[in-house]
2 protein chains.
Amino acid sequence: MKATIYDVAKEAGVSIATVSNAINGKGNVSKKRREQILKIMEQMNYQPNVNASALMGKKTYTLGLLIPDISNPFFSEIARAIEDQAHQLGYSVIMCSTDNKDERVERYIALLEQKNVDGILIGTGIDNLDILTNLQAKHIPIVMISRETTTLEVDTVVADDFVGGIMAAQHLAEMGHRSIAILSEQLKVSSARERIRGFKQGLQDLQIPFDDDNIVICDYMIQEGRRGAGELLGREDRPTALFCCNDVLAIGAMQEARSLGIKVPEELSIVGFDDTILAAVVDPPLTTVAQPIMSMAKQAFQLMITNLDEEEPVKKRIVLRPEINIRQSTARVKS
Amino acid sequence: MKATIYDVAKEAGVSIATVSNAINGKGNVSKKRREQILKIMEQMNYQPNVNASALMGKKTYTLGLLIPDISNPFFSEIARAIEDQAHQLGYSVIMCSTDNKDERVERYIALLEQKNVDGILIGTGIDNLDILTNLQAKHIPIVMISRETTTLEVDTVVADDFVGGIMAAQHLAEMGHRSIAILSEQLKVSSARERIRGFKQGLQDLQIPFDDDNIVICDYMIQEGRRGAGELLGREDRPTALFCCNDVLAIGAMQEARSLGIKVPEELSIVGFDDTILAAVVDPPLTTVAQPIMSMAKQAFQLMITNLDEEEPVKKRIVLRPEINIRQSTARVKS
DNA sequence: CTGAAAGCGCTTACAG
DNA sequence: CTGAAAGCGCTTACAG
């Protein structure tokens with residue numbers, strides 16, 4: 001049987017209240033008693049039961065992490081970064097893959113509530129704002145990572161998608177591209193919208209025209225990237241460069257180009273977004289905009305902790321600068 | 001404030017015992033009362049506090065999942081499969097990336113114990129057997145997935161790595177390869193040992209000689225795959241085919257071959273293991289042995305549940321047959 | 001400086 | 001069929 005606070009109290013010849021105080025550094029326990037108790041705890045290999053103390057209003061030291069899919073490389077990297085932050089401070093994190101379905105989001109949130117998590121990190125899109133509003137009404141701390149809602153006051157940390165878009169545009173423009181198309185995720189995804197807005201801004205700054213007909217919307221799958229690229233590359237006046245809102249679409253585009261006999265980067269430049277492991281592994285290696293995942297996780301976790309400890313902290317929105325990793329999928333346009 | 005069992009009892013005009021019985025289908029609550037109570041629970045949006053009921057010896061409906069690294073594609077796929085199984089039955093899973101370090105394993109296990117998880121799924125290597133023995137002594141159900149310990153009696157589900165190795169050998173042999181080398185993970189990894197044993201068996205069955213000098217050991221990283229492949233490909237009598245114990249090493253080998261100007265598959269055939277997303281994305285697409293991840297997760301979870309419910313169930317070892325996915329990284333040897 | 005007692009939100013015999 | 005009471009492992013005033 002696991003040792004309880006009663007066992008150590010009996011062993012130490014004190015009351016459980018004193019043991020509790022010794023553990024938590026509360027009340028006034030004499031130094032001598034305290035050390036003696038701590039020693040006994042060690043000997044008995046006593047670990048306080050977190051759930052029991054949570055019942056008395058203390059923290060559960062458990063957090064929920066909502067992301068679209070833990071098996072997607074981008075989100076698994078986010079998850080790892082969050083896990084590491086959490087682990088350092090003794091928090092556990094429960095993974096929740098939502099598949100971007102509100103219905104799954106709701107089930108998961110209900111589950112997390114029942115388990116009294118201290119807070120929820122949200123890295124997935126949520127269509128129905130009421131879900132978030134309800135969470136706030138229940139005073140469950142939330143922080144959004146890599147996703148955002150403009151309408152709600154909630155702590156969020158994102159990469160600067162707008163600037164990322166500009167970077168991609170500038171790079172392509174420098175390489176001499178003038179006929180460029182975009183492969184986008186669904187426009188309800190806030191980051192996709194921002195990336196496109198930034199990209200168009202970047203082109204406009206350089207006086208390069210862009211027509212919205214050159215945007216094709218895809219779901220977040222390689223197959224979809226192929227389909228979208230196929231549509232664009234089949235046009236009479238085919239683009240010389242593609243800006244893709246994520247690496248997965250970029251890879252789909254690369255595959256489609258190859259099967260159409262279009263050489264990357266000689267005949268078609270491709271830039272992705274996210275800099276997942278996939279970008280490094282593909283041939284040619286993908287030029288892509290990298291989000292500072294580690295920093296994002298650190299900041300997000302910091303915000304979470306602050307929420308947990310303070311009363312009504314002022315909501316923050318932290319925007320981190322991305323960087324473009326130029327590899328071999330982009331080249332000067334052939335003249 | 002969240003509704004408690006007292007709130008619904010008061011609202012229903014009954015005692016909390018009756019509410020509890022109604023929820024759990026215990027005792028004898030009249031149908032009418034039961035329905036009335038359930039309705040009120042619904043109205044009040046009452047969710048029982050799992051941690052409180054866990055205190056009375058019920059389950060926490062929380063499981064731990066130990067894997068080397070959630071950001072590694074193979075393990076993130078395992079994690080997703082486990083998560084889906086768990087979610088269906090109302091279990092949450094806490095992710096624990098161990099980096100294959102016993103010290104991290106121990107910290108995580110201590111954390112999981114404090115949180116009273118119902119059981120722990122282990123998909124990571126553990127060097128110090130005492131860690132597992134202790135877990136068993138504490139009667140914490142464990143099941144191993146994709147890893148095993150022969151010395152301990154513990155439920156485990158693995159792919160048949162031995163057969164996977166044979167499949168790889170047969171495929172390469174059929175393609176006419178006779179000069180073959182192996183890129184292995186550290187030999188302390190049980191699955192790597194089995195894969196190699198199977199591979200050698202496969203060759204031997206076909207009377208193809210193999211020399212252990214042709215095995216190079218690498219850590220689980222692309223860079224290491226490059227290094228290992230470089231070593232092998234630099235030899236005077238360079239092999240015409242490489243069997244790699246996982247996709248990551250295979251991809252490292254592909255990259256190294258390319259940078260040495262050796263064409264895959266024309267001059268060098270490569271087969272990997274695991275069939276992660278990476279295998280599909282790389283060029284040429286990688287021939288690789290696939291583990292039936294979904295089935296493995298299902299079985300592992302099933303074993304877990306059985307452990308949770310039954311007294312001392314007989315320990316099982318479930319071995320699932322892998323399959324080889326032949327893509328374009330392997331070809332007939334040039335004659 | 002220390003302990004008795006009440007309470008957190010539940011479940012489980014047990015009595016009626 | 002239903003409820004009073006004890007108890008799970010803790011924490012927190014409060015009294016001494």
Side-chain angles (χ1 to χ4, degrees), chain A residues 1-38 40-41 44-62 90 110 112-118 138-139, chain B residues 1-38 40-41 44-62 90 110 112-118 138-139:
Chain A
M1 277 294 79
K2 263 173 81 170
T4 73
I5 198 171
Y6 289 95
D7 300 322
V8 351
K10 183 184 290 178
E11 188 70 22
V14 298
S15 74
I16 59 164
T18 300
V19 175
S20 176
N21 284 331
I23 296 172
N24 298 304
K26 287 247 181 141
N28 291 321
V29 183
S30 70
K31 211 171 163 189
K32 201 168 126 197
R33 271 242 172 299
R34 182 152 197 282
E35 277 164 11
Q36 174 212 7
I37 291 172
L38 259 24
I40 289 177
M41 280 171 47
M44 303 184 75
N45 199 358
Y46 167 69
Q47 312 256 49
N49 179 329
V50 178
N51 294 330
S53 62
L55 255 193
M56 287 303 294
K58 296 212 127 188
K59 292 193 277 191
T60 53
Y61 286 90
T62 304
L112 294 173
E113 279 184 63
Q114 279 197 47
K115 290 174 183 167
N116 290 294
V117 295
D118 296 327
K138 288 174 191 156
H139 300 286
Chain B
M1 279 290 79
K2 262 173 83 169
T4 73
I5 198 171
Y6 289 94
D7 300 322
V8 350
K10 183 184 290 177
E11 188 69 21
V14 298
S15 74
I16 58 164
T18 301
V19 176
S20 176
N21 285 330
I23 295 172
N24 299 304
K26 289 246 181 143
N28 290 321
V29 183
S30 70
K31 212 172 164 188
K32 202 168 126 198
R33 269 241 173 297
R34 182 153 196 282
E35 276 165 12
Q36 174 211 7
I37 290 173
L38 260 24
I40 289 178
M41 282 171 45
M44 303 183 76
N45 201 356
Y46 167 71
Q47 311 259 47
N49 179 328
V50 178
N51 294 329
S53 61
L55 255 191
M56 287 302 295
K58 297 212 127 189
K59 293 193 277 192
T60 54
Y61 285 90
T62 303
L112 293 173
E113 280 185 61
Q114 279 196 48
K115 290 177 183 167
N116 291 294
V117 294
D118 297 327
K138 288 174 193 158
H139 299 287

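Sequence lines set the chain letters: A, B, ... in the order given, protein chains first and strands last, and positions in each chain run from 1.
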Engineer: What is the distance, rounded to the nearest whole Å, between atom NZ of Lys10(A) and atom C1' of dT2(C)?
Structural biologist: 19 Å
Engineer: Look at Ser53(B) and dC10(C) and indicate whether a side-chain polar atom (N or O) is within less than 4.0 Å of OP1 or OP2.
Structural biologist: no
Engineer: Over how many whole Å does the gap from Asn116(B) atom CG to dC8(D) atom P extend?
Structural biologist: 14 Å
Engineer: In this structure, how many angstroms lie between the P atom of dG9(C) and the CE atom of Met41(B), rounded?
Structural biologist: 16 Å
Engineer: For Watson-Crick and G-U wobble pairs within 3.5 Å on both distances, what is DNA chain C written in dot-bracket notation, | included for inter-strand pairing?
Structural biologist: |||.||||||||.|||
Engineer: For the side chain of Thr18(A), starting at C-beta, report the closest nucleotide among dC10(D), dG3(C), dT2(D).
Structural biologist: dG3(C)
Engineer: I want to confirm an ordering. Mapping Val14(B) and Thr4(A) to their closest nucleotides on DNA chain D, which one lands closer to the 5' end?
Structural biologist: Val14(B)
Engineer: Nucleotides 12-16 of chain C: which of its N/O atoms have a protein N/O under 3.5 Å away?
Structural biologist:
| unit_1 | atom_1 | unit_2 | atom_2 | d |
| --- | --- | --- | --- | --- |
| dT12(C) | OP2 | Lys26(B) | NZ | 3.4 |

Engineer: Can you name the side-chain contact (heavy atoms from CB on, under 4.5 Å) partners of Gln47(A), sequence neighbours left out?
Structural biologist: Ala110(B), Gln114(B)
Engineer: Would you indicate whether the side-chain heavy atoms of Val14(B) and Val19(B) approach each other to under 4.5 Å?
Structural biologist: yes
Engineer: What nucleic acid atoms does Val50(A) come within less than 4.0 Å of, heavy atoms only: base, sugar-phosphate, or nothing?
Structural biologist: nothing
Engineer: Once you round to the nearest 0.5 Å, how far does OG1 of Thr62(B) lie from CG of Asn116(B)?
Structural biologist: 9.5 Å
Engineer: Rounded to whole Å, please give me the gap between CG in Asn49(B) and C1' in dG7(C).
Structural biologist: 14 Å
Engineer: Under the salt bridge (charged side-chain N to carboxylate O under 4.0 Å, His left out) rule, collect the residues that match up with Glu113(B), sequence neighbours excluded.
Structural biologist: Lys138(B)
Engineer: Could I get the full list of side-chain hydrogen bond (donor to acceptor under 3.5 Å, both in side chains) partners for Ser15(B), not counting sequence neighbours?
Structural biologist: Thr18(B)
Engineer: Not counting sequence neighbours, which residues clear side-chain hydrogen bond (donor to acceptor under 3.5 Å, both in side chains) with Thr60(B)? List them please.
Structural biologist: Asp118(B)
Engineer: Only pairs at least two apart or in different chains count here, so list each salt bridge (Lys or Arg N to Asp or Glu O under 4.0 Å) that has a residue in residues 44-62 of chain B.
Structural biologist: Lys59(B)-Asp309(B)
Engineer: Just to be sure I understand the geometry, which residues of residues 30-38 of chain A put a non-hydrogen atom under 4.0 Å away from DNA chain C?
Structural biologist: Ser30(A), Arg33(A)
Engineer: Can you list everything that forms a salt bridge (charged side-chain N to carboxylate O under 4.0 Å, His left out) with Lys10(B)? Sequence neighbours excluded, please.
Structural biologist: none
Engineer: Within this structure, what is the CG-to-C1' distance between Asn51(A) and dG7(D), rounded to whole angstrom?
Structural biologist: 17 Å
Engineer: Does dG3(D) have OP1 or OP2 under 4.0 Å away from a side-chain N or O of Tyr6(B)?
Structural biologist: no
Engineer: Applying side-chain contact (heavy atoms from CB on, under 4.5 Å), name anything that partners Leu112(A), two or more places apart in sequence or on another chain.
Structural biologist: Leu66(A), Ile94(A), Cys96(A), Val117(A), Ile120(A)
Engineer: Using ring pair (Phe, Tyr, Trp, His ring centres under 6.0 Å) as the criterion, list what pairs up with Tyr46(B), not counting sequence neighbours.
Structural biologist: none
Engineer: Rounded to whole angstroms, how far apart are CD1 on Ile5(A) and P on dA4(C)?
Structural biologist: 14 Å
Engineer: Whole angstroms only, please: what is the CG-P distance between Leu55(A) and dG7(C)?
Structural biologist: 15 Å
Engineer: Please report the shortest heavy-atom distance between Leu55(A) and Ala52(B), naming the atom on each side.
Structural biologist: CD2-CB, 3.9 Å
Engineer: My understanding is that only residues two or more places apart in sequence, or in another chain, count here; which of them pass side-chain contact (heavy atoms from CB on, under 4.5 Å) with Asp7(B)?
Structural biologist: Ala3(B), Thr4(B), Met44(B)
Engineer: Using atom NZ of Lys115(A) as one end and atom C1' of dC10(C) as the other, report the distance to the nearest whole Å.
Structural biologist: 16 Å
